[in-house]
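Shown next, in structure tokens, is the structure this report addresses.
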Amino acid sequence: MTDRADALLSPFMERVTARHDGEAEFLQAVTEIARDVLTVEKAHSAYTRARVLERLTEADRVISFAITWEDDSGDVQINRGWRVQHSNLLGPYKGGLRWVPGLSASVVKFLAFEQAFKNALTGLPLGAAKGGADFDPSGQSEAEIKRFATAFMTQLAPHIGPETDVPAGDIGVGGQEIGVMAQVWMQQARRWGGVLTGKPVALGGSALRREATGYGLVYFTAAMLDATGEGLEDKRIALSGRGNVSRYAARKAMEQGACVITMSGRDGTWYAADGFSADALDWLLTAEGDAAFAPPKHLGLRFEEGGRPWDKPCDIAMPCATQNEIGLKDAEALTEAGCRYLAEGANMPLTQDAVAHLASAGVLQAPGKAANAGGVAVSGFEMQQNAAFARWSATQVDTCLRDTMCAIHERLIRERQSCCTQTGAVDYRRAANVAGYRRLAEAMIAAG
Ligand code: GLU
């Protein structure tokens, strides 16, 4: 970081920290963006006067609510839910809902803040929000999940609407949960409306919404490689997670000739030294419980208990699990393993020292707010379809998704002059922060 950026960052972060003391993830996300954009703000008197970035660190509102529901034994359970409506400058509040144990206001706030930049980068009319609950869906029966979803939406429904705030899924919240919640909202509102995205197609959802984040991640990565004169063909990809993002990223990458060598879960890593075959991937994605830890021999797959995906020889890393999943040690393992590119399917999956290490080793890094924006982009297309009472074909959605990811990549390339690494390559992290900031700043200035 330059001395100038440093001098701007310290007093700025002091003020933000005073208002958000103890919210580690939120402060981490703000620091990362502030470091890149404060010099841009300073160079533009209208942005400086409007205190654009500092205003962006304050969400419009944080809604926090209790969720009480009954489990299968008839016992009362209590959880906490949040919806952080960050900004509706560019369109209705928009962003996912995640149900994970231990979720905190700090995590939801950091995700909503990042979402503002991500949604801005898509070029679509989308504001920003995020929400969720400290609820662990794993091990719950279908009936329990349905009761929880109903209780959750009963609390949230008065705060959302197709032109107000449009939640979607995220970790722990998939099409089925969205379907239940859409029904609760429609019963309360007594009208039909595209109030949630990621709906099952039978309920007015969009083709390819489920696949969108993973496919988009691969389209962005292909564009990044293309800009350096390379291609995805035969590249070895170390992937983490085995949820919605990683599974479709793996499928699309394999379709494009890449070799996916790892997937991971809470208990360890599945490693295919010669790359996953389609059969091995299908098997892993449908294997349940402990059976997943003992892959049949003929699949060429090994489960490494407690193992990490990052120490295997690879060209590209795609962290698709959760925030801060790659620390300094993992980053060191990656560079030792020969990794040259990284594309984030998860939001903020790297700690700051991991980012710094990879940057100094010359690894090109596509940040989540650009590389995983395909999910929210197709949510934007779902909103367009719902508002027009129309349905697009899968081919149409796929074409628009690919165009959107390429347009985001172009937007970042255009920032090249002020956002390049020591070796002259595009600094995609900085470019994404700056390009997202510019769109938000222009809207803020236009709003007076
Ligand atoms: N949760 C996804 C994201 O982080 C999707 C959000 C949405 O579709 O609204 O971008």
Side-chain angles (χ1 to χ4, degrees), residues 25 29 82-88 90-100 103 107-133 156 160-175 177-178 181-182 194-200 204-217 219-220 241 243-246 248-249 319-323 343-349 366-386 397 400-401 404-405 408 432 436:
E25 295 85 357
W82 293 271
R83 184 70 177 164
V84 175
Q85 294 180 332
H86 190 274
S87 149
N88 61 357
L90 301 179
Y93 297 112
K94 183 80 196 89
L97 299 170
R98 68 169 56 170
W99 294 344
V100 284
L103 189 70
V107 169
V108 185
K109 279 169 66 178
F110 115 66
L111 290 164
F113 176 70
E114 290 258 309
Q115 195 86 40
F117 290 78
K118 182 194 309 199
N119 293 5
L121 281 176
T122 64
L124 297 168
L126 301 170
K130 198 83 185 192
L156 184 60
I160 63 175
E163 284 101 31
T164 317
D165 180 354
V166 185
D170 198 82
I171 301 174
V173 180
E177 292 76 23
I178 293 286
M181 290 194 277
V195 69
L196 292 155
T197 59
K199 295 181 289 297
S206 174
L208 289 195
R209 174 60 190 87
R210 226 180 9 179
E211 294 85 348
T213 311
Y215 281 16
L217 176 64
Y219 294 152
F220 188 94
N244 197 50
V245 180
S246 27
Y248 294 110
C320 297
T322 193
Q323 67 267 10
E344 300 178 349
N347 296 312
M348 205 170 74
K369 54 179 87 66
N372 73 32
V376 79
V378 173
S379 277
F381 303 151
E382 185 170 329
M383 288 162 72
Q384 291 181 27
Q385 292 170 72
N386 290 167
V397 177
C400 291
L401 169 62
T404 303
M405 299 315 292
I408 295 175

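These values consider heavy atoms only, across backbone and side chains, with no hydrogens, waters or symmetry-generated copies. All ligand and atom numbering here is 1-based and tracks the order in the structure.
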of all protein heavy atoms, closest to atom 6 (C) of ligand 1 is G96 N, 3.6 Å

In terms of heavy-atom contacts, G95 and Q115 come closest through CA-CD, 4.0 Å

Under 4.0 Å from one or more heavy atoms of A168, ligand 1 contributes atoms 7 (C), 8 (O), 9 (O)

Can you find a pair of side-chain heavy atoms, one from V195 and one from P162, that are under 4.5 Å apart?
-> yes

May I ask you to test the E382-V166 pair for a side-chain heavy-atom distance under 4.5 Å?
-> no

How far apart are the closest heavy atoms of G169 and I178, and which atoms are they?
-> N-CD1, 3.6 Å

Near S379, which atoms of ligand 1 are under 4.0 Å from a heavy atom of that residue?
-> 7 (C), 8 (O), 9 (O)

Which segment of R98 sits under 4.0 Å of ligand 1 when only heavy atoms are counted | neither

Residue portion contacting ligand 1 (non-hydrogen atoms closer than 4.0 Å) for R209 | side chain

Sort out for me which residue in T322, L111, I171 forms a side chain to side chain contact (heavy atoms under 4.5 Å, CB included) with N347.
-> L111

Could you list which atoms of ligand 1 come closer than 4.0 Å to a heavy atom of D170?
-> 1 (N), 2 (C), 4 (O)

Ligand-residue contact atoms, ligand 1 with N347, heavy atoms, under 4.0 Å | 4 (O)

One finds that the ligand 1 atoms under 4.0 Å from a non-hydrogen atom of K118 are 3 (C), 4 (O), 10 (O)

Taking N or O atoms only and a 3.5 Å limit, does N372 qualify as a polar contact for ligand 1?
-> no

Could you tell me the separation between the CE atom of M383 and the CG atom of N386, rounded to the nearest 0.5 Å?
-> 9.0 Å

Hey, which atoms in ligand 1 end up nearer than 4.0 Å to a heavy atom of K94?
-> 7 (C), 8 (O), 9 (O)

Is the shortest N/O to N/O distance between G169 and ligand 1 below 3.5 Å?
-> yes

Where A112 and A128 come nearest, the two heavy atoms and their spacing = O-CB, 4.0 Å

With the side chain counted from C-beta on, respond yes when D170 and K130 share a heavy-atom pair under 4.5 Å apart, and no when they do not.
-> yes

